[in-house]
Asks: 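This is the structure I have questions about; it appears just below.
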Amino acid sequence: MKTNIIKLIVISLACANLTSCESFLEETNKSGLTINPFFNTEVGIESSLNACYTGARTFYGQEDGFGMTETGTDLFLRGGDNKANQLSDYTVDLNGSQSTVGNVWKNMYLSLNICNQTLALLPSNNLSESDNKSYEGQARFWRAFYLWMITETWGDVVLNTEPISGVVTDAHRSSVEDFYKVIFEDLNIAIKNLPVGKSMDGRITQDVAKAFKARVCLTRACKLNDVSLYNEAKDLALELINSSRYSLYSNYSDMWDITNCDGGLNTESIFYVNFTNAELSNNKFDATATGSGNVGNVYFVMKYDKEAGMERDAINGRPWQRALPSKRLLQLYNEKIDQRYKVIFKDVWISNT
């Protein structure tokens, strides 16, 4: 009798544990955003579209972007505190595991996937006809932009045009030509769908898409020696030049004056990447990442605070010295007649101690 009671207790406990485990393993997404229902609402679709812009803030104004495009060229050399000497000196350990290369690769494909996800949500019955066209135009512009960055940097790599929602364990290369087919198709649709005019708030407009397509045409024409692409780039550029919406400043310094820092008010600016005072809006994809916001102004400053009579101050900036001008770059300017030299380069420091 006692044995039967013990068996009954053990069975009861086992059943209780089984029920408890089953309940514990039931996962409920209390806070995460899922495709349904959030991204099937007007607010959700707009949020997805806004995220398409984020990738540009992970590249422009950031150390990774400057490392991939400026240092190691004939114009800029490695500064004393450069963190990516492999990129500037072309050392034997310049490969895919180098942190800057890996960061740009990751962020470009994250950005591409967001664009694909946004396009998968369109057209939507929750949006007006005009919003559907505008949203698609913006998303296609950004997809073309990220694809262009990817293939111009790495050549024949993975071409994704559909959103990825799970783990992918295989990869298949696509040709640069295949990349450009999608790029030109996206830009043509973007030009067709987007509103005409100058971008006043950082949003992509038809002008931006045409300017970028002109650049893409030149990039591809240079590779293929395609006269028709050269002519198309010329026609697009002249259309914007003759629109009277843009003009060059007579004084080069006005281009960089703080009063003209708003891209919508800057007469030379066709396209610009928006940064704000809101830390959350400036964050990278990784919420724990540091250095968010446009910090490009500190990477080209020498360590003036190590010189006699000098200490670090706000006016002279943070001397992070990631890059320095090459002799070749300095030789391109005749400082006696070229007003750009004094605007671009600082060669006098006034003692502040």
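Just so it is clear, the structure is predicted and the values come from calculations on it, not from any experiment. Numbering of residues begins at 1 and proceeds along the displayed sequence.
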Asks: Can you tell me how far CG of N316 sits from CG of D313, rounded to the nearest 0.5 angstrom?
Replies: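 One gets 4.5 Å once the value is rounded to the nearest 0.5 Å.
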Asks: Can you find a heavy atom in the side chain of S47 that is under 4.5 Å from one in the side chain of F38?
Replies: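 Yes, side chains in contact.
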Asks: In sequence, state the C-alpha distance, the side-chain angles, and the governing distance for Y180 and E152, and then conclude on side chain to side chain donor-acceptor pair (under 3.5 Å).
Replies: CA-CA 10 Å; Y180 270 95; E152 282 298 316; 2.5 Å; yes
Asks: Can a side-chain donor-acceptor contact be found between N260 and N266 if the only test is distance below 3.5 angstrom?
Replies: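 Side-chain D/A pair, N266 to N260: absent.
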Asks: For the ring pair F300 and F66, is the centre-to-centre distance below 6.0 Å?
Replies: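 Close enough - the centres of the two rings lie under 6.0 Å apart.
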Asks: Is any side-chain heavy atom of L127 less than 4.5 Å from a side-chain heavy atom of E46?
Replies: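 Heavy-atom side-chain distance check fails, nothing below 4.5 Å.
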Asks: W142, I189: one ILVMFWY side-chain cluster at the under-4.5 Å cut-off?
Replies: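 No, W142 and I189 fall in different hydrophobic clusters.
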Asks: How far apart are the C-alpha atoms of S124 and N132, what are their side-chain angles, what is the distance that settles it, and do they pass the side chain to side chain contact (heavy atoms under 4.5 Å, CB included) test?
Replies: CA-CA 7 Å; S124 170; N132 268 311; 4.2 Å; yes
Asks: Mind checking whether F179 and S174 have side chains closer than 4.5 Å, heavy atoms only?
Replies: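 A side-chain contact under 4.5 Å exists here.
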Asks: Give a yes-or-no answer on whether the side chains of Q62 and T58 include a donor-acceptor pair shorter than 3.5 Å.
Replies: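 Q62 vs T58: no donor-acceptor pair found between side chains.
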Asks: State whether the side chain of N113 and the backbone N or O of Y109 hold a donor-acceptor pair below 3.5 Å, judged by distance alone.
Replies: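 Looks like no, no N/O pair under 3.5 Å.
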Asks: Taking only Lys NZ, Arg NE, NH1 and NH2, and the carboxylate oxygens of Asp or Glu, determine whether R78 and D89 approach each other closer than 4.0 Å.
Replies: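 Yes, this pair counts.
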Asks: Side chains of F39 and Q117: does their closest heavy-atom pair fall under 4.5 Å?
Replies: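 Side-chain contact under 4.5 Å: no.
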Asks: Quick one: are T219 and W148 in side-chain contact, heavy atoms under 4.5 Å?
Replies: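 When only atoms from C-beta onward are counted, W148 and T219 do touch, with a gap below 4.5 Å.
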Asks: When you check the side-chain N and O atoms of N251 and S253, is any donor under 3.5 Å from an acceptor?
Replies: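 No, S253 and N251 have no side-chain donor paired with an acceptor closer than 3.5 Å.
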Asks: Quick one, M302 and W349 - any side-chain contact, counting heavy atoms below 4.5 Å?
Replies: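 They are in contact (side-chain heavy atoms under 4.5 Å apart), so the answer is yes.
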Asks: Taking all non-hydrogen atoms of both residues, which atom of Y249 and which atom of E268 are closest, and how far apart?
Replies: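 Nearest pair, atom of Y249 first, then E268: N-OE2, 2.9 Å.
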Asks: State the OG-NZ distance between S244 and K198, to the nearest 0.5 angstrom.
Replies: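 Between S244 OG and K198 NZ, I get 11.5 Å after rounding to 0.5 Å.
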Asks: Which distance, rounded to the nearest 0.5 Å, do you find between the OG1 of T54 and the CZ of F59?
Replies: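 T54 OG1 to F59 CZ: 16.0 Å, rounded to 0.5 Å.
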Asks: Between R143 and D186, what is the shortest heavy-atom contact and its length?
Replies: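 The pair with the smallest heavy-atom distance is NE-OD2, 2.8 Å.
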Asks: State whether the number of non-hydrogen atoms from other residues, nucleotides or ligands found under 6.0 Å of N125 atom CG is greater than 12.
Replies: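 It does not: N125 CG has 12 such atoms or fewer within range.
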Asks: Quick one: pull up CE in M149 and OG in S111 and give me the separation to the nearest 0.5 Å.
Replies: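 M149 CE to S111 OG: 9.5 Å, rounded to 0.5 Å.
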Asks: What about V208 and L119, same hydrophobic cluster or not, with Ile/Leu/Val/Met/Phe/Trp/Tyr joined at side-chain heavy-atom distances under 4.5 Å?
Replies: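 No, it is not one cluster - the side chains of V208 and L119 are not joined through contacts under 4.5 Å.
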Asks: When rounded to the nearest 0.5 angstrom, what is the spacing between NZ in K192 and CZ in R140?
Replies: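 Going from NZ on K192 over to CZ on R140, the span is 10.5 Å.
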Asks: Begin from the C-alpha positions of W154 and V104 and carry the test side chain to side chain contact (heavy atoms under 4.5 Å, CB included) through to its verdict.
Replies: CA-CA 11 Å; W154 290 287; V104 175; 3.8 Å; yes
Asks: Hydrophobic cluster membership, with links at side-chain heavy-atom distances under 4.5 Å among I/L/V/M/F/W/Y: are I150 and F184 in one?
Replies: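 Shared cluster, yes.
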Asks: Side-chain donor-acceptor pair under 3.5 Å between S175 and D178, yes or no?
Replies: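 A pair is found: one side chain offers a donor N or O, the other an acceptor, under 3.5 Å apart.
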Asks: Examine distances only and state if a side-chain atom of Q206 and a backbone atom of I191 form a donor-acceptor pair shorter than 3.5 Å.
Replies: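 Yes.
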Asks: Determine, step by step, whether R245 and D207 satisfy the salt bridge (Lys or Arg N to Asp or Glu O under 4.0 Å) criterion, reporting the C-alpha distance in whole Å, the side-chain angles of both residues, the deciding distance to 0.1 Å, and the verdict.
Replies: CA-CA 10 Å; R245 289 189 287 272; D207 284 12; 2.8 Å; yes
Asks: In Å and rounded to the nearest 0.5 Å, what is the CE to OH distance from M310 to Y304?
Replies: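 So the gap between those two atoms works out to 6.5 Å.
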Asks: Does atom CD of E129 have more than 12 heavy-atom neighbours from other groups under 6.0 Å away?
Replies: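 Count not over threshold, so no.
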Asks: Heavy atoms, side chains only, cut-off 4.5 Å: are P325 and F345 in contact?
Replies: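 Touching, per the 4.5 Å side-chain cut-off.
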Asks: Begin with the C-alpha distance, continue with both residues' side-chain angles, and end with the deciding distance and a verdict on side chain to side chain contact (heavy atoms under 4.5 Å, CB included) for N188 and K213.
Replies: CA-CA 8 Å; N188 288 336; K213 187 182 179 184; 2.6 Å; yes
Asks: Looking at N334, is its backbone amide N or carbonyl O close enough to the side chain of D338 to form a donor-acceptor pair, meaning the two atoms are under 3.5 Å apart?
Replies: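 No, D338 side chain to N334 backbone: no donor-acceptor pair under 3.5 Å.
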Asks: With side chain to side chain contact (heavy atoms under 4.5 Å, CB included) as the criterion, how do Y53 and N274 come out once you've worked through the C-alpha distance, each side chain's angles and the decisive distance to 0.1 Å?
Replies: CA-CA 9 Å; Y53 287 74; N274 256 347; over 6 Å; no
Asks: Could you check whether atom CZ of R215 has more than 12 heavy atoms from other residues, nucleotides or ligands sitting under 6.0 Å from it?
Replies: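 Open: at most 12 neighbouring heavy atoms sit under 6.0 Å from CZ of R215.
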Asks: Looking only at heavy atoms, which two atoms of G309 and S351 are closest? And how far apart?
Replies: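 That would be O-OG, 2.7 Å.
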Asks: Regarding S48 and T118, do their side chains bring together a donor and an acceptor under 3.5 Å, going by distance alone?
Replies: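 The criterion, which ignores hydrogens and geometry beyond distance, is satisfied for T118 and S48.
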Asks: Is E63 salt-bridged to R322, cutoff N-O under 4.0 Å?
Replies: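 Result for this pair is yes, salt bridge flagged.
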Asks: Has the side chain of S134 got a donor or acceptor atom that lies under 3.5 Å from a matching backbone atom of D131?
Replies: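 Here the side-chain-to-backbone pair does not exist.
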Asks: Keeping S326 on the side-chain end and L75 on the backbone end, is there a donor-acceptor pair under 3.5 Å?
Replies: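 Yes: the side chain of S326 pairs with the backbone of L75.
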Asks: For Q339, does the CD atom sit with more than 12 other heavy atoms under 6.0 Å from it, leaving out its own atoms?
Replies: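 Enclosed.
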Asks: Check whether V43 and Y135 end up in the same hydrophobic cluster, where Ile, Leu, Val, Met, Phe, Trp and Tyr are linked by side-chain heavy atoms less than 4.5 Å apart.
Replies: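 Looking at the clustering, Y135 is in the same group as V43.
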Asks: Check this for me: does any side-chain nitrogen of one of K303 and D305 sit under 4.0 Å from a carboxylate oxygen of the other?
Replies: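 The answer is no: the pair does not qualify as a salt bridge.
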Asks: Indicate whether any N or O donor in one side chain lies under 3.5 Å from an N or O acceptor in the other, for N50 and R203.
Replies: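 Yes, side-chain donor-acceptor contact under 3.5 Å.
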Asks: Are I344 and W320 in one and the same hydrophobic cluster, where Ile, Leu, Val, Met, Phe, Trp and Tyr link if side-chain heavy atoms are under 4.5 Å apart?
Replies: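 Yes, it is one cluster - the side chains of I344 and W320 are joined through contacts under 4.5 Å.
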Asks: Show the nearest heavy-atom pair for residues D201 and Y272, with the distance to one decimal.
Replies: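 Shortest heavy-atom contact: N-OH, 3.2 Å.
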Asks: Indicate yes or no for a side-chain donor-acceptor contact from Y90 to the backbone of G72 under 3.5 Å, with no hydrogens or angles considered.
Replies: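 Yes; judged by distance alone, with no hydrogens or angles, the pair exists.
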Asks: Grab the two heavy atoms, one from D262 and one from M200, that are nearest each other, plus how far apart they are.
Replies: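 Answer, listing the atom of D262 first, then M200: OD1-O, 4.4 Å.
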Asks: If only atom types and distance count, is the side chain of K346 paired as donor or acceptor with the main-chain N or O of V348 below 3.5 Å?
Replies: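 Here the side-chain-to-backbone pair exists.
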Asks: Would you mind reporting whether R318 and N297 have side-chain heavy atoms less than 4.5 Å apart?
Replies: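 They are not in side-chain contact.
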Asks: Locate the shortest heavy-atom distance separating G67 from T71; write the atom from each residue and the value.
Replies: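 It is O-OG1, 3.2 Å.
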Asks: Quick check, are the ring centers of F141 and F212 under 6.0 angstrom apart?
Replies: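 Between F141 and F212, the centre distance is under 6.0 Å.
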Asks: Please table the atom pairs, donor to acceptor, closer than 3.5 Å between any side-chain atom in residues 155-168 and protein atoms at least two apart or in another chain.
Replies:
unit_1 : atom_1 : unit_2 : atom_2 : d
D156   : OD1    : V176   : N      : 2.8

